[in-house]
Amino acid sequence: MPNRRRTTAALTAAVAVAGAAVLAGAPAAQAAVVDVNYACETKIGPKSAVSPVDIKAVKSGSGYTITMSFEKGVSDSPVELPKGVMTPRAELVLGGDASGTVKVKGTPNTAAIPPDTPIKIGTLTGTFTPKKNGKVTFTAGTLTVHALGMDAAVCTPKNNPKPSLELQVTGVSGGSDTPPPADDGGGSDEQLPKTGPLDSAVALGTLGGTVLLTGAAGVLWLTRRTAR
């Protein structure tokens, strides 16, 4: 009987740990570096360049801090740009369960940019405040390089780039897609929801908790039988 109790306890612990691991490993965001082919209208004529673009999101209060970074410059200047005269900004196109755009902006250049060299775009930052739960995608949109008091280059993606970020938004109170409360009287024959990886992970974690309670009940029953 003691061996049986130890076996039951070990199995219960294993299921609990597995459920927790599934929840911890569920991805809240999936990012990918995407090559964006920019066609730029500049004061010295049309320019074009391909730059890998990376977009990330970090939870901040009721919203997310969005960052956009470039691995290559997308245009150059025929004259030297002194320190602090160039500021980039961009629009990110929302998709999935959201629509519209998110504006991101960079900081002025910290060093002079030599003439006829690619203008390096630093990290652009903005804020996204979701209105409802769901899956939201972020795709590179129009990029504007403001320099010497004017919009020196306006660059538009021409290759219909894929989203650089897919964000699973949860926890929005009152959102139209807010998940319903758990059904306390659900049966064991119900299938796990298949609305997304995060929802499936939550369902698996709940299943692990149910098995945990069942195992604990079995241990209690065995203890009472031994006491008799």
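Positions are given from 1, in the same order as the sequence printed here. What you see is a predicted model; the values in this text were computed from it and never measured.
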Worksheet item: Quick one: side-chain hydrogen bond (donor to acceptor under 3.5 Å, both in side chains) pairs with a partner in residues 153-162, sequence neighbours left out?
Response: none
Show me the side-chain donor-acceptor pairs of residues 62-71 shorter than 3.5 Å, one per line, residues at least two apart or across chains.
none

Response to the item:
Residues pairing under ring-ring contact (aromatic ring centres under 6.0 Å, His included) where one sits in residues 110-145, two or more places apart or in two chains, turn out to be F128-F138
Any side-chain heavy atom of [X] sitting closer than 4.5 Å to one from [Y]?
X	Y	value
N133	V169	yes
V34	P163	no
S48	Y38	no
I121	V145	yes

Summary of disulfide (SG to SG under 2.5 Å) pairs that have at least one residue in [range], sequence neighbours excluded:
range	answer
residues 55-87	none
residues 68-114	none
residues 60-115	none
residues 103-165	C40-C155

Worksheet item: Going from NZ on K105 to NE2 on H146, what distance comes out if it is rounded to the nearest 0.5 angstrom?
Response: 8.5 Å
For [X] against [Y], the heavy-atom pair lying closest together:
X	Y	value
D35	P161	O-CB, 4.4 Å
A140	V36	CB-CG2, 3.9 Å
P115	P78	CB-O, 3.4 Å

Just distance, no hydrogens or angles: give the donor-acceptor pairs under 3.5 Å from side chains in residues 50-60, sequence neighbours left out.
| unit_1 | atom_1 | unit_2 | atom_2 | d |
| --- | --- | --- | --- | --- |
| S51 | OG | K72 | N | 3.2 |
| S51 | OG | K72 | O | 3.0 |
| D54 | OD1 | K56 | NZ | 3.4 |
| D54 | OD2 | K56 | NZ | 2.3 |
| K59 | NZ | G61 | O | 3.4 |

Worksheet item: Are V172 and L165 connected in the hydrophobic side-chain network, where two residues link if heavy atoms are under 4.5 Å apart?
Response: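 V172 and L165: one cluster.
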Worksheet item: What about L143 and V33, same hydrophobic cluster or not, with Ile/Leu/Val/Met/Phe/Trp/Tyr joined at side-chain heavy-atom distances under 4.5 Å?
Response: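 No, it is not one cluster - the side chains of L143 and V33 are not joined through contacts under 4.5 Å.
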Worksheet item: What pairs meet the salt bridge (charged side-chain N to carboxylate O under 4.0 Å, His left out) rule with one or both residues in residues 39-49, with sequence neighbours excluded?
Response: none
Worksheet item: Any salt bridge (charged side-chain N to carboxylate O under 4.0 Å, His left out) pairs touching residues 109-124, not counting sequence neighbours?
Response: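 Passing the test, one end in residues 109-124: no pairs.
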Compile the donor-acceptor pairs under 3.5 Å between side chains in residues 79-92 and protein atoms, sequence neighbours left out, one pair per line.
| unit_1 | atom_1 | unit_2 | atom_2 | d |
| --- | --- | --- | --- | --- |
| R89 | NH1 | D151 | OD1 | 3.3 |
| R89 | NH2 | D151 | OD2 | 3.1 |
| E91 | OE2 | K103 | NZ | 2.9 |

